[in-house]
2 protein chains.
Amino acid sequence: MSIESAETRLRLLETATQVFAEHGYATTTIRMICGRAKVNVAAVNYHFGSKEHLYREVLRYARQRAYEKYPLTYGLEEGATPEQRLRAFVHSFLLRNFGDVRNLGFGTLTMREMVEPTSALDMIVDEGIRSLFEHLVAIVRAILGEDADEELVQACSRSTIGQCTFYLFSRTVMNRMAPEQQFGAEDVERITDQIMLFTLHALRGLSGKKTD
Amino acid sequence: MSIESAETRLRLLETATQVFAEHGYATTTIRMICGRAKVNVAAVNYHFGSKEHLYREVLRYARQRAYEKYPLTYGLEEGATPEQRLRAFVHSFLLRNFGDVRNLGFGTLTMREMVEPTSALDMIVDEGIRSLFEHLVAIVRAILGEDADEELVQACSRSTIGQCTFYLFSRTVMNRMAPEQQFGAEDVERITDQIMLFTLHALRGLSGKKTD
DNA sequence: TTTGGATTGAAACAAGCGTTTGAAACATAA
DNA sequence: TTATGTTTCAAACGCTTGTTTCAATCCAAA
């Protein structure tokens with residue numbers, strides 16, 4: 001494979017990430033992607049085999065880049081407290097999913113896949129979401145106490161990540177309801193603070209208790 | 001319009017609600033709907049004008065039926081406390097959005113519209129979500145205290161509804177990660193309890209404080 | 001410079017889409 | 001029964017889709 005061929009492939013990957021994120025899998029056409037990437041329509045099938053294969057490569061590509069830049073322990077030092085690790089989790093989650101124009105695609109692509117699953121959802125779950133959630137559960141368990149009821153730990157983990165995903169899923173609606181208050185990259189710090197404030201009060205109040 | 005014509009129209013509406021909820025607007029074809037409803041493909045354009053007009057009618061229809069059955073004050077008596085009103089809000093939200101097979105469509109349709117907006121999103125926001133959120137904000141303000149910082153009230157409202165929407169948006173993923181623990185209509189009571197437990201501890205902890 | 005596989009490009013392909021057509025079937029009132 | 005407007009139906013319309021074709025072009029090795 002020549003250098004130029006690799007460049008075409010990469011340009012297709014980058015462009016397709018944007019277009020798939022903007023329009024979703026079904027609505028995106030190969031001609032949209034190729035038009036914006038300034039390559040021939042046959043290039044997708046030559047380099048990736050099909051629209052679906054390109055899409056799967058896009059998902060991998062976006063995820064890898066997002067986690068490289070913002071790992072689960074983003075900005076964390078050795079021997080951090082559970083509270084610090086929770087903050088790093090929330091903060092990196094927000095950054096990874098909509099904190100940067102350059103990896104804008106990842107959060108949107110994942111979100112779309114969750115709402116309108118293609119065959120690629122299993123890949124996303126197995127290669128990302130599962131370990132993400134387990135990471136969170138471990139932190140929540142550490143805060144609640146190691147002997148906390150498992151169902152309570154799970155429920156609190158869902159409540160915590162639910163607050164985070166809200167800013168991803170409800171972005172379009174919130175921006176329409178309160179256009180003066182956008183939720184973008186520059187608001188990540190403030191949102192992190194608010195989620196932490198809410199969550200830590202809840203977890204401390206529940207610490208050492210049983211569910212129901 | 002004859003009785004049979006009205007029946008055809010209604011059958012199209014019901015069937016279209018299911019199919020749009022299952023596949024989304026773009027992926028759904030008129031032939032899918034008409035095939036399942038056992039009417040001719042021309043019926044959609046005859047009774048509704050176009051696929052898009054049918055879709056908008058479906059959104060109205062699903063919303064009206066869902067709110068009729070589960071209003072914001074579902075099961076609430078006069079003079080209820082803010083905590084009781086919050087519980088009714090969470091409970092009715094869950095029931096309305098995925099608590100019943102008969103109004104399965106509403107939550108899914110709204111969710112899809114939020115992630116992949118069509119021109120109908122403004123309608124959804126103006127005729128439903130805006131007042132829903134304001135209703136919640138009023139409750140949260142009552143719990144935090146009337147002189148609570150407005151930004152804190154807003155943030156806590158987002159954290160609260162974020163927990164609710166999680167069970168809607170992340171359903172596909174949660175069911176894949178833990179197939180033995182499904183989140184369906186029979187789990188609404190338990191989920192309501194868990195959200196309330198988490199949220200009330202957070203709100204009580206924050207009561208009377210300022211955000212920073 | 002010549003050769004041969006890799007890559008690109010314009011054009012065409014079959015299939016499926018939303019929509020339209022016009023005749024047939026139906027229902028209702030004179 | 002006849003006349004009139006409504007509703008259904010099979011078929012076709014024009015268009016877009018993902019994909020394929022095959023000649024033109026490129027580029028490194030011989």
Side-chain angles (χ1 to χ4, degrees), chain A residues 1-61 109 112-113 116-121, chain B residues 1-61 109 112-113 116-121:
Chain A
M1 193 164 62
S2 75
I3 292 176
E4 289 169 30
S5 166
E7 278 178 0
T8 301
R9 212 189 112 96
L10 190 64
R11 195 160 72 252
L12 266 175
L13 216 46
E14 302 257 12
T15 311
T17 304
Q18 294 176 27
V19 182
F20 278 131
E22 283 172 25
H23 299 95
Y25 179 78
T27 316
T28 296
T29 70
I30 289 187
R31 283 168 180 82
M32 279 185 205
I33 298 169
C34 293
R36 209 189 285 188
K38 295 197 169 74
V39 302
N40 190 271
V41 287
V44 164
N45 288 278
Y46 180 78
H47 287 281
F48 296 93
S50 69
K51 180 188 177 186
E52 193 181 333
H53 279 89
L54 167 61
Y55 177 67
R56 294 180 78 99
E57 286 300 305
V58 160
L59 288 181
R60 287 185 209 278
Y61 180 69
L109 288 168
R112 286 186 187 280
E113 192 64 27
E116 197 154 334
T118 72
S119 63
L121 181 56
Chain B
M1 192 164 59
S2 76
I3 293 175
E4 291 169 29
S5 166
E7 279 178 359
T8 301
R9 211 191 112 97
L10 191 63
R11 197 160 70 254
L12 267 176
L13 216 46
E14 302 256 11
T15 311
T17 304
Q18 293 175 29
V19 182
F20 278 132
E22 284 173 23
H23 299 95
Y25 179 78
T27 316
T28 295
T29 70
I30 290 185
R31 283 166 179 85
M32 279 186 205
I33 298 169
C34 294
R36 210 190 285 189
K38 294 197 170 74
V39 303
N40 190 271
V41 288
V44 164
N45 288 278
Y46 179 78
H47 286 281
F48 295 93
S50 67
K51 180 188 177 185
E52 192 180 335
H53 279 89
L54 168 61
Y55 177 67
R56 294 181 78 100
E57 284 301 304
V58 160
L59 288 182
R60 285 186 210 277
Y61 180 69
L109 287 168
R112 286 186 187 281
E113 192 63 27
E116 198 154 333
T118 73
S119 64
L121 181 56

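Since the model is a prediction, treat every value here as computed from it, not as a measurement. The chains referred to below are lettered A, B, ... by the order of the sequence lines, with proteins before strands, and numbering in each begins at 1. Excluded from the calculations below are hydrogen atoms, water molecules and symmetry mates; all remaining heavy atoms, backbone and side chain alike, are included.
In this model, the phosphate group of C:dA6 is not approached by any side-chain N or O of A:His47 to a distance below 4.0 Å at OP1 or OP2. Contact check, A:Thr8 against C:dT8: a side-chain N or O comes under 4.0 Å of OP1 or OP2.
Distance from the side chain of A:Asn45 is smallest for D:dT20 among the nucleotides D:dT20, C:dT20, C:dG18. Residue A:Ile30 has its side chain nearest to D:dG18 when only D:dG18, C:dT8, D:dT6 are considered. Side chain of B:Ser50, nearest nucleotide from C:dT19, C:dG18, D:dG18: C:dT19. Ranking C:dT20, D:dT21, D:dT8 by closeness to the B:Ala42 side chain, first place goes to C:dT20. When distances are taken from the side chain of B:Lys51 to each of C:dA12, C:dG18, C:dT21, the shortest belongs to C:dG18. Of the candidates D:dT8, D:dT19, C:dT7, the closest approach to any side-chain atom of A:Tyr46 belongs to C:dT7.
Distance CD1 (B:Ile33) to C1' (C:dG18): 11 Å, rounded to an integer number of Å. To the nearest angstrom, P of D:dG18 lies 13 Å from NE2 of A:His23. Between the CD atom of B:Glu7 and the P atom of C:dA27 there is a distance of 12 Å, given to the nearest Å. The interatomic distance linking B:Asn40 (CG) with C:dT20 (C1') rounds to 12 Å, in whole Å. Atom CZ of A:Arg9 and atom C1' of C:dT8 are 17 Å apart (whole Å).
Remark: the B:Arg56 side chain and the B:Ser119 side chain contain an N/O donor-acceptor pair separated by less than 3.5 Å. Remark: the B:Glu52 side chain and the B:Thr118 side chain contain no N/O donor-acceptor pair separated by less than 3.5 Å.
One donor-acceptor pair, N or O on each side, does fall under 3.5 Å between the base of D:dG18 and the side chain of A:Arg31.
For A:Arg112 (side chain) and A:Ala21 (main-chain N/O), a donor-acceptor pair under 3.5 Å exists by modelled atom type. In terms of modelled atom types and a separation under 3.5 Å, the side chain of B:Lys51 and the main chain of B:Tyr25 share a donor-acceptor contact.
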Decide yes or no on side-chain contact (heavy atoms from CB on, under 4.5 Å) for B:Leu59 and B:Phe20, but give the supporting numbers first. CA-CA 10 Å; B:Leu59 288 182; B:Phe20 278 132; over 6 Å; no
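At the heavy-atom level, A:Thr28 lies under 4.0 Å from the strands shown only through sugar-phosphate atoms.
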